[in-house]
Visitor: 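Quick one: structure below, then a few questions.
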Amino acid sequence: MNLDLGGRAKNEMPNDKIKDLRSKLQSVLAKADVNFQEIAVLSQELLAQDQESVRFSIDAKHIHRLGFELVGKQETALSELIKNAYDADATEVIIEFKNYAKSGGKLIIQDDGHGMTADQIQNNWMRISTDDKLINPVSPGYKRLRAGRKGIGRFAVERLGKELVLETCVKGHNEGLKVNFNWDHDFKAGRDLSLIAHKIDKFSKEPDRSGTILYINDLRDRWTDALFDRVWKSVLLLQPPFRISPGKNHADQQEVIDPGFKVSINGKLGDEVAKEVSIDKTFLEHRLAVITGSVDENGMGEYNVISDKLNFNDSTKAENECLLTGPLYFEASYFIYSADVISGISTRQAFQMGEKYGGIRIYRNGFRVLPYGETRDDWLKLAYDTARRNLLAPANNFNFFGFVEISSQENILLEETSSREGLVENEAYEELQNFVRACLQWAVLRIAAVRKRKQKASQKDFVSELKKPSLLIQEVIDEVADKVKAKLGDKQDPKKHSAVRKLENLKQEAIAFEERVEIRESEFVQYETMLRILSSLGISISVFSHEVKGALTSFKSSFKDFLSTIKIGKLGEISLAEINSVSTRLFDLSNYITTLISHSSTREKTNIPLHSVIHSFVEQFDEYLNVRGISFEVDVDPPFLRTHKMHRSEIDSVLFNFITNAVKAIERAKADVRKIKLSAFKRNNFAVISFQDTGTGIPEDVRDKIFDAFYTTTQFSGDEIAGPGTGLGLKIVTDIAESNGGYAECTEPEQDFKCRFNFAVPIAKEQS
């Protein structure tokens with residue numbers, strides 16, 4: 001005999017209680033006026049008598065946990081409600097606080113979205129953790145990517161106030177719907193959530209009206225200025241304030257134009273904050289640089305940095321692939337709070353803005369994901385590095401104003417937590433974190449190099465440039481002017497204050513002194529440039545004196561053989577051919593040296609065509625390298641590649657220094673394979689000249705030293721090309737690169753090579 005969970009035989013008749021409940025239910029169902037609440041209660045009691053199955057039930061107190069405990073912060077709760085309006089194709093959300101200075105106030109959130117029908121209220125609004133937004137990832141009207149997905153955002157109102165009045169209406173209907181929710185009174189512990197009913201009232205409306213209004217009454221918190229300011233910041237930064245771009249259109253069949261989405265907040269405080277946070281127009285124009293990064297659909301990343309103030313533009317490929325994040329884009333405005341790079345605003349004001357609104361925020365489907373970018377949030381470990389001086393260049397959170405854009409469709413592994421306060425910290429999140437951090441650090445170091453500032457503590461013997469006295473005085477002027485304005489208000493123009501006027505006079509004297517120093521410095525720079533060119537010319541003369549010596553030796557030998565053939569009565573055709581060859585070689589060397597001297601004597605800058613210059617250079621070394629058994633491979637791609645305007649002699653100097661180093665290294669290595677590869681190519685906006693050789697290579701522990709002045713690894717031998725090493729060759733190469741806005745580096749060589757040097761300068765403007 002089969003038994004149920006209560007030990008009774010399955011074939012036994014239902015007990016008396018079941019009979020009684022069935023009878024009552026049948027009686028209620030037979031009435032003309034259906035009492036749905038009574039049906040729900042009786043059905044629930046009847047289901048409880050089932051001894052063969054168990055069912056989940058939800059305590060009404062769960063609403064409190066979802067609202068008050070899961071959504072911990074007021075600004076997060078408000079953000080979720082705004083996202084719901086965005087998902088409803090609203091173009092505007094009006095937020096109005098009343099009596100917020102004490103608990104018991106009121107909050108009204110009104111949107112002009114498509115509203116809800118009774119069925120939508122029942123099946124979507126009233127259904128916890130609905131997957132409607134997962135099934136329908138884009139909004140019906142403007143095809144926006146849905147910002148909400150968990151189905152719990154509506155319970156954020158419970159976090160904000162004790163009572164909610166929901167009014168909603170759909171376009172084309174003559175009536176709207178109204179529902180009241182009293183959280184503390186109705187949703188008490190011990191009550192079954194499914195048995196708590198809320199009456200739907202109807203009201204008349206114009207057919208064209210649509211949207212939803214949330215009246216959140218009896219606010220739980222006393223809204224202090226500090227708390228209210230934090231909420232303002234969260235709301236106004238809910239969408240990126242850093243740039244204005246049209247929303248993405250995800251319509252499949254016909255184009256739908258999204259008119260945009262804005263949030264307005266009442267009161268004087270709202271106007272002030274809205275003006276203050278208009279970062280795009282009032283503040284970002286003072287930035288030093290714009291840093292961007294992107295990951296494509298194949299996981300390949302790219303970094304870019306552009307600075308109009310420094311006349312600098314650079315980009316590079318990310319070292320590591322991002323195979324988990326999916327395609328993404330981020331952008332950051334970079335600030336250094338120093339008078340020499342900020343104008344039109346005091347450094348103190350700029351720094352205060354940085355402390356208040358700086359940071360890298362994350363936006364998912366166009367909406368802010370907290371807490372990234374908050375004042376004390378250090379998700380990229382920038383403050384950590386700054387505190388430990390791992391990076392000496394300014395790179396704290398407040399030095400950046402930026403955002404990362406991700407979406408639920410393209411970045412499926414970057415998922416928000418249930419609390420809507422952060423992303424799930426999985427491997428995709430770590431990949432995103434490392435990508436953005438690496439990009440910012442790369443850009444900051446490149447900017448520091450252009451500004452000739454120390455980048456890392458490991459840079460030895462670095463001498464930082466001093467600030468101009470006039471800039472230091474200007475910082476003091478800004479501080480004094482701020483204090484005068486704070487004390488006197490509009491009673492006096494700060495510029496007319498006696499202390500400010502004295503400082504201004506001192507500043508003008510400092511500027512006059514600086515102008516005299518700059519003239520002297522300009523003359524010195526020209527002198528230093530000429531010395532560098534003459535140094536390169538000296539190297540070339542040393543090289544070709546070696547070549548001339550070899551050519552003269554061959555000439556003497558050939559002439560001696562020629563005389564011998566004459567004495568014995570033979571025709572010296574072979575000797576004459578050798579003599580002609582050597583004399584031609586001497587003539588070519590003479591012309592090349594003359595050309596070098598001509599290039600060295602002129603100060604005219606031109607766009608250097610690398611293909612012709614490199615091949616002309618290589619021709620002069622063919623014979624010498626052949627004698628030594630060194631093969632030479634040349635590759636210039638594209639063939640029309642040209643540098644920006646620079647001295648031709650500077651390129652010659654770079655080529656001479658690299659080839660002499662390569663030959664010396666190959667001689668020292670006594671390698672079986674003796675080969676040099678010279679290539680030129682375009683990398684982003686740079687023309688790169690690359691030398692690789694099969695010599696001794698550069699040990700890892702000295703790579704940071706080889707570009708220092710007077711550091712050399714060369715031991716002189718009498719037959720060595722260009723004589724003994726002075727330790728200035730690579731220093732000259734570096735100086736040439738940096739003076740032209742480029743860089744020099746020792747990097748990993750290709751297979752079969754031991755060493756690689758790259759020299760990079762900007763390409764011609766028309767090729768960028």
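For the numbers below, each heavy atom of this structure counts, side chains included, while hydrogens, waters and symmetry mates do not. All values reported here derive from a predicted model rather than from experimental measurement.
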Visitor: Is it true that a side-chain atom of Asp89 and a backbone atom of Gly141 form a donor plus acceptor pair closer than 3.5 Å?
Guide: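 Confirmed, Asp89 side chain pairs with Gly141 backbone.
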
Visitor: Do any N or O atoms from the side chain of Asn298 and from the backbone of Met300 form a donor-acceptor pair under 3.5 angstrom?
Guide: no

Visitor: Would you say the rings of His198 and Phe187 are close, in the sense that their centroids are separated by under 6.0 Å?
Guide: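 Yes: the rings meet the under 6.0 Å criterion.
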
Visitor: Atom CG in Leu81, atom CG in Leu164: separation rounded to 0.5 Å?
Guide: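 Answer for the CG-CG pair, Leu81 versus Leu164, is 9.0 Å.
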
Visitor: Work out which heavy atom in Asn174 is nearest to a heavy atom in Pro207; give both atom names and the distance.
Guide: OD1-CG, 3.3 Å

Visitor: Is the closest side-chain donor-acceptor distance between Asp87 and Ser139 under 3.5 Å?
Guide: no

Visitor: Say whether, by atom type as modelled, one donor and one acceptor occur between the side chain of Asn411 and the main chain of Leu414 under 3.5 angstrom.
Guide: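 Flag not set: sc Asn411 to bb Leu414 has no pair under 3.5 Å.
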
Visitor: Between Arg364 and Glu415, does any NZ, NE, NH1 or NH2 come within less than 4.0 Å of an OD or OE carboxylate oxygen?
Guide: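 Judged by the 4.0 Å cut-off on N to carboxylate O distance, Glu415 and Arg364 do form a salt bridge.
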
Visitor: Which heavy atom in Ala332 sits nearest to a heavy atom in Ile360, and how many Å separate them?
Guide: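 That would be CB-CD1, 3.8 Å.
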
Visitor: Less than 4.5 Å apart, any side-chain heavy atom of Glu430 and any of Leu324?
Guide: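 No, their side chains stay 4.5 Å or more apart.
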
Visitor: For residues Tyr215 and Lys106, determine if any side-chain heavy atom of one lies less than 4.5 Å from a side-chain heavy atom of the other.
Guide: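 Result yes, sub-4.5 Å side-chain heavy-atom pair found.
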
Visitor: Which atoms form the tightest heavy-atom contact between Arg191 and Asp186, and what is the distance?
Guide: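 What the structure gives for the nearest pair is NH1-O, 3.1 Å.
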
Visitor: Would you give the length of the straight line joining atom CG of Asn397 to atom CH2 of Trp379, rounded to the nearest 0.5 angstrom?
Guide: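 With rounding to 0.5 Å, CG (Asn397) is 10.0 Å from CH2 (Trp379).
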
Visitor: Should Glu158 and Arg220 count as an ion pair when the cut-off is N to O under 4.0 Å?
Guide: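 Yes.
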
Visitor: Go through the side-chain N and O atoms of Asn365 and Ser408 and say whether any donor and acceptor fall under 3.5 Å apart.
Guide: yes

Visitor: Do Val436 and Leu380 come close enough that some side-chain heavy atom pair is under 4.5 Å?
Guide: yes

Visitor: Ignoring hydrogens and angles, state whether a donor on the side chain of Thr117 or Asp119 is under 3.5 Å from an acceptor on the partner side chain.
Guide: no

Visitor: Using a 3.5 Å distance criterion without hydrogens, assess whether the side chain of Asn182 forms a donor-acceptor pair with backbone atoms of Glu163.
Guide: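 Checked: no pair found.
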
Visitor: Between the side chains of Tyr329 and Glu331, is a donor N or O closer than 3.5 angstrom to an acceptor N or O?
Guide: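 On atom types as modelled, these side chains qualify, holding a pair under 3.5 Å.
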
Visitor: OG of Ser294 to CZ of Phe435: how many Å apart, nearest 0.5 Å?
Guide: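 If we round to the nearest 0.5 Å, Ser294:OG and Phe435:CZ are 6.0 Å apart.
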
Visitor: Look at the side chain of Asn434 and the backbone N and O of Ala438, then say whether any donor-acceptor pair between them is shorter than 3.5 Å.
Guide: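 No.
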
Visitor: Rounded to the nearest 0.5 Å, what separation is found between the CG atom of Leu370 and the CD1 atom of Ile362?
Guide: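 Answer for the CG-CD1 pair, Leu370 versus Ile362, is 10.5 Å.
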
Visitor: For atom CD of Glu206, decide whether the heavy atoms of other residues, nucleotides or ligands shown that lie under 6.0 angstrom number more than 12.
Guide: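 No, the 6.0 Å shell around CD holds no more than 12 heavy atoms from other groups.
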
Visitor: Rounded to the nearest 0.5 Å, what's the gap from CG on Leu413 to OH on Tyr429? Could you check?
Guide: 15.0 Å

Visitor: Working to the nearest 0.5 Å, report the span between OH of Tyr142 and OH of Tyr86.
Guide: 11.5 Å

Visitor: Count the heavy atoms belonging to other residues, nucleotides or ligands that lie under 6.0 Å from NZ of Lys162, then report whether that count exceeds 12.
Guide: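 Incorrect, the count does not exceed 12.
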
Visitor: How about Phe401 and Phe335: are their ring centres within less than 6.0 Å of each other?
Guide: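 They qualify: ring centres under 6.0 Å apart.
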
Visitor: Is it true that Asp112 and Lys171 have a side-chain N and a carboxylate O under 4.0 angstrom from each other?
Guide: no

Visitor: Is the shortest heavy-atom distance from the side chain of Ile406 to the side chain of Tyr363 under 4.5 Å?
Guide: no

Visitor: Given side chains that start at C-beta, do those of Ile95 and Ile82 come closer than 4.5 Å, heavy atoms only?
Guide: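 Result yes, sub-4.5 Å side-chain heavy-atom pair found.
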
Visitor: In the structure I gave you, are the side-chain heavy atoms of Val165 and Lys178 within less than 4.5 Å of one another anywhere?
Guide: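 Result yes, sub-4.5 Å side-chain heavy-atom pair found.
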
Visitor: Closest approach of Thr91 and Pro259, non-hydrogen atoms and distance?
Guide: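 That would be CG2-CG, 3.5 Å.
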
Visitor: Do Lys102 and Asp221 meet the salt-bridge criterion of a basic N to acidic O distance under 4.0 Å?
Guide: no

Visitor: Has Glu175 got a side-chain atom pairing as donor or acceptor with Lys205's backbone, closer than 3.5 angstrom?
Guide: no

Visitor: Passes salt bridge (charged side-chain N to carboxylate O under 4.0 Å, His left out), Arg437 versus Asp385? Steps please.
Guide: CA-CA 11 Å; Arg437 172 185 163 91; Asp385 282 343; 2.7 Å; yes

Visitor: Donor-acceptor pair, Thr168 side chain versus Leu177 backbone, under 3.5 Å?
Guide: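 No: the side chain of Thr168 does not pair with the backbone of Leu177.
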
